[in-house]
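Residue numbering restarts at 1 for every chain, and letters A, B, ... go by the order of the sequence lines.
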Amino acid sequence: LAKTTQPISMDSYEGQEVNITCSHNNIATNDYITWYQQFPSQGPRFIIQGYKTKVTNEVASLFIPADRKSSTLSLPRVSLSDTAVYYCLVERGGFQKLVFGTGTRLLVSP
Amino acid sequence: ETGVTQSPTHLIKTRGQQVTLRCSSQSGHNTVSWYQQALGQGPQFIFQYYREEENGRGNFPPRFSGLQFPNYSSELNVNALELDDSALYLCASSLDGDANTGELFFGEGSRLTVL
């Protein structure tokens with residue numbers, strides 16, 4: 001599975017838009033890009049998944065360029081409760097064993 | 001709330017002992033995966049059970065073993081505990097094993113401390 005690289009940490013303020021970019025240069029044709037959120041001492045929670053272009057749901061948007069070698073998770077108008085670790089994963093289609101990196105620690109301040 | 005429940009939430013063991021962790025999957029889900037998460041690290045895949053059979057295993061020694069029951073609940077057993085086994089053990093529930101690429105539903109985890 002393709003290795004992912006994302007920033008170790010990011011800081012933001014309440015109400016701002018946060019964009020976390022992940023690189024996955026060796027992504028394969030049948031790989032999907034998935035993002036999870038994790039709060040301390042809790043299990044990860046699925047945020048969004050996409051294959052190409054743009055995906056939007058009620059909590060986030062995922063932008064994937066045509067070459068699919070990177071992706072950007074966009075969190076609109078973050079709040080203090082969005083402080084968490086965000087994991088970018090490349091998930092092989094039909095292969096449900098997730099490979100997590102160390103994630104991006106997002107700190108949202110007042 | 002994901003509907004995935006794990007027990008116990010916390011436990012302390014000593015080196016050499018054995019531990020059993022339990023997981024009840026979300027209603028309707030037939031696949032359970034186990035992950036180990038050391039402090040400050042991302043979760044690492046241990047193994048997956050699909051319809052009571054092991055369906056893939058990560059880079060963990062044989063002293064990590066598991067079971068899945070007819071009701072799709074699952075157990076993770078670790079023998080001969082080592083200090084490095086101290087971690088948060090996460091159970092994730094999903095549907096149809098490898099046939100489905102999508103959301104995994106994680107429990108809150110069992111925090112194991114080995115002294």
Nearest atoms (heavy-atom pairs only) where Tyr87(A) meets Gln41(B): OH-O, 3.6 Å
Closest contact, heavy atoms only, Arg111(B) versus Ser41(A): NH2-OG, 3.9 Å
Greater than 12 external heavy atoms within 6.0 Å of Arg105(A)'s CZ: no
Between CG on residue Leu88(B) and CD on residue Gln42(A), distance to nearest 0.5 Å: 10.0 Å
Nearest-0.5 Å distance, OH of residue Tyr36(A) to CD of residue Glu103(B): 6.0 Å
Heavy-atom side-chain proximity of Phe45(B) to Phe100(A) below 4.5 angstrom: no
Cluster overlap Val99(A) with Phe47(B), hydrophobic side-chain contacts below 4.5 Å: no
Leu112(B) with Phe64(B), same ILVMFWY side-chain cluster at under 4.5 Å: yes
Connected-component partners of Ile12(B) among ILVMFWY, side-chain separation under 4.5 Å: Leu115(B)
Test item: Tyr35(B) side-chain N/O and Leu98(A) main-chain N/O as donor-acceptor pair under 3.5 Å: yes
Crowding at CZ, Phe69(B) (>12 non-hydrogen neighbours, <6.0 Å): yes
Region of Gln6(B) in contact with chain A, defined by heavy-atom distances below 4.5 Å: neither
Minimum heavy-atom distance between Leu90(B) and Gly43(A), given as atom pair plus value: CD2-CA, 3.6 Å
Residue Arg63(B) excluded, over 12 heavy atoms near CZ under 6.0 Å: yes
CZ-CZ distance between Phe105(B) and Arg45(A), expressed to the nearest 0.5 angstrom: 11.0 Å
Heavy-atom neighbours of Ile8(A) CD1 exceed 12 at 6.0 Å: no
